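Chain naming here is simple, since letters A, B, ... match the order of the sequence lines and numbering starts at 1 in each. Every heavy atom of this structure was used, including side-chain atoms; hydrogens, water molecules and symmetry mates were not. Worth saying up front: this structure is predicted, and the values here are computed from it rather than measured.
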2 protein chains.
Amino acid sequence: MRVPAARTAARGRIDKRQAILEAAFTVFARRGYAQACVQDIADEAGVAKPTVYNHLGDKENLFRHAMEAAADAVMRENLAVVERLRTTGDDLRAALEDVAYRMLKVCCGERSRALRSLTYSQVATFPELIETVQGRTSIGLGEAVADRLARLSLSGRLRQCDPGQAAEQFLALLTGPMEARSRLGTREVSAAETRAVANAAVDTFLRAYAAEAADPGLP
Amino acid sequence: MRVPAARTAARGRIDKRQAILEAAFTVFARRGYAQACVQDIADEAGVAKPTVYNHLGDKENLFRHAMEAAADAVMRENLAVVERLRTTGDDLRAALEDVAYRMLKVCCGERSRALRSLTYSQVATFPELIETVQGRTSIGLGEAVADRLARLSLSGRLRQCDPGQAAEQFLALLTGPMEARSRLGTREVSAAETRAVANAAVDTFLRAYAAEAADPGLP
DNA sequence: ACTAGATTGAACCCGTCAGTTCAACTCTGC
DNA sequence: GCAGAGTTGAACTGACGGGTTCAATCTAGT
C-alpha cells in the first residue's frame, strides 16, 4: 500500500493538473527521467496513477509539460532580477553587483539547477527541449540583459560595444565560475563566496566594458 | 541474432577490456546511462555479453570505469593545448587566441560533450562522479591555465592578479558563450564563429587583465 | 437525493533488461 | 595434440515499470 505525500487538501479536483506537473518535475529532478517512475510522481502529487494518465497522457508528454512549466517559472524569476537594472542609481558597479548576486542565487537554486541538468541529460531523447527550455531561459535572459546593457552603453556609462556579446560574456562570467565552485550543484556555496564570485565577475566586466576615462559625455 | 560491430581483429584477447570501456562510453554517450543496455555495449565492442561481465562486473562498475577513462583522455587533450602557453611569442594576444580556439575545439568535441552530459545527468546516482570527472578535467585544467597565467603575470605581460581567478574567468569566457551558441552541443558551430568566440573572449580577458599602459618593465 | 463525471486502488499485461548459467568452441603455450 | 583459460551464443530468471482496465467511491451541481 502506497503512502501519499500530501493528502491534506487534495481531494477536490481543484488543480490536480498543476500538482501533477510540479510533482513530476520534483521527481524527475530527484531521480532523472528514466529512473523516475510514474507511480512515484503520482504519490508525490497525492494522486492515483490513472489520474496522471488521464491528465497528461504518457510519461513523455508529462516530462515535456513539466519541463515547460519549470522553465517558465525560472524565467519569471530571472526576468524579475534583470528588471532591477532599469533603475540604476549613481553607482553602476553597486547596481551590477546587486543584480549579479541575485542572479547567481536564482541560477543556483534548486529548480534552475534541476532544469539545466535534465535538459542536458535528455536533450538526445527530446530534441525539442532545447527550444522549449533554452528559448525560455538562457536566450530570453541573454536578450533581457543585452537590452539593459544597450541602454547603459547609449547613456555613456559603458563603452560602445555589441550588447549581445557583452551580455553573453557577463552571464558567462557569472555562471561559469559558479558551476565550477558548486561542483555542478552538489556542494553548498556560502553566501560570502557567492558574493565574491559576483563581485569578481562585475569587476572583470567593468574593466572590459566600462566607458573609457572619466566620462565627459553627460551634463 | 545480434550483429557485432567490429569483429575483424577482435578474437585475440589482447585488449578486450579497453575495447569494452571505449564501447561502453560510446553507447552511454549515445543513449544515456539508463537507456543503454549491456548487450548494446557488448555488440559495440564486438564481444559477448558474459565477457563484459567477466571483465568489469556489473553495469555500474562499467559506467564508472568508462567515465574515468574518458575523463583521462579529455584531460590529456586539454593539457596538450595549454602547454602551448609555455612558449608565448612576442604577440601575447595571438598566442592566447590560438590556445583559446584550440581549447574550444576540444571542449566542444564529441567526447568532451558526452562526458559533461553524462556527468550532469548521473551525478545524483553516482555522487563520486564529480570527483572522478571534475577532478580530472575542469579542476586540473583550471590549475594548468592558472600556472601559465601566473608566469605571464610575473613576467609583466599581465597585470598583478589572482591567477586562479583569472584562469576561472578565462575558461568561463570561452566555454560559456560556446555552450550557448552550440545549444548544448546540438548545433554545429562554424569554425569562423568558434574563432570569433575565442577572439572575443581573449579581447575581454586582455582588457581586464593586460598589464596597464605601455609596459615599462622589460628591456 | 440524484446523476454524471472525475478519482481511486488494485490487479493485470507486456516488454525490457540486468545478471547468470552452461555446453560448445577457440586459441595459446607446451 | 593436449590442457586450460578465455570466449561465445543462447536461453533463462527475476525485477521493474509503463500503460490499461475496472468496479467501487467520491464530488459537484442541480
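- Legend: residues meeting side-chain hydrogen bond (donor to acceptor under 3.5 Å, both in side chains) with D98(A), ordered by chain and number and at least two apart, are R84(A), R102(A).
- If you measure from atom NZ of K16(B) to atom P of dT26(C), you get 13 Å, rounded to the nearest angstrom.
- Rounded to whole Å, the distance from CG on D40(A) to C1' on dG19(D) is 16 Å.
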Could you list the protein-to-nucleotides 18-20 of chain C atom pairs, N/O on both sides, closer than 3.5 Å?
{"residue": "dA18(C)", "atom": "OP1", "partner": "A36(B)", "partner atom": "O", "Å": "3.2"}
{"residue": "dA18(C)", "atom": "OP1", "partner": "K59(B)", "partner atom": "NZ", "Å": "3.0"}
{"residue": "dA18(C)", "atom": "OP2", "partner": "V38(B)", "partner atom": "N", "Å": "2.9"}
{"residue": "dG19(C)", "atom": "OP2", "partner": "K59(B)", "partner atom": "N", "Å": "2.8"}
{"residue": "dG19(C)", "atom": "N7", "partner": "K49(B)", "partner atom": "NZ", "Å": "2.9"}
{"residue": "dG19(C)", "atom": "O6", "partner": "K49(B)", "partner atom": "NZ", "Å": "2.7"}

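- Under the rule for a side-chain hydrogen bond (donor to acceptor under 3.5 Å, both in side chains), N199(B) has no partner lying at least two apart in sequence or in another chain.
- The environment of R195(B) atom CZ is sparse: at most 12 non-hydrogen atoms of other residues, nucleotides or ligands sit within 6.0 angstrom.
- For the ring pair (Phe, Tyr, Trp, His ring centres under 6.0 Å) test, residues two or more places apart in sequence or in another chain that qualify with Y120(B) are Y120(A).
- For the pair R17(A) CZ and dT7(C) C1', the computed distance is 17 Å after rounding to whole Å.
- The ring pair (Phe, Tyr, Trp, His ring centres under 6.0 Å) test applied to Y33(B) returns F28(B), F63(B), F126(B), not counting sequence neighbours.
- For the OP1/OP2 pair of dG6(D) and a distance below 4.0 Å, the side-chain nitrogens and oxygens of H55(B) include no atom meeting the criterion.
- Side-chain N/O atoms of T51(B) include none lying less than 4.0 angstrom from OP1 or OP2 on dT7(D).
- Over its full length, the helix from dA1(C)-dT30(D) to dC30(C)-dG1(D) turns its helical axis through 30°, comparing axes from the five pairs at each end and rounding to 10°.
- At whole-Å resolution of the value, CG in N54(A) and P in dT21(D) are 12 Å apart.
- For R151(B), there are no salt bridge (Lys or Arg N to Asp or Glu O under 4.0 Å) partners, not counting sequence neighbours.
- The side-chain hydrogen bond (donor to acceptor under 3.5 Å, both in side chains) search around E83(A) returns R86(A), not counting sequence neighbours.
- D15(A) places its CG atom 15 Å from the C1' atom of dA6(C), with the value rounded to the nearest Å.
- Contacts of D162(A) classified as salt bridge (Lys or Arg N to Asp or Glu O under 4.0 Å), with partners at least two apart in sequence or in another chain: none.
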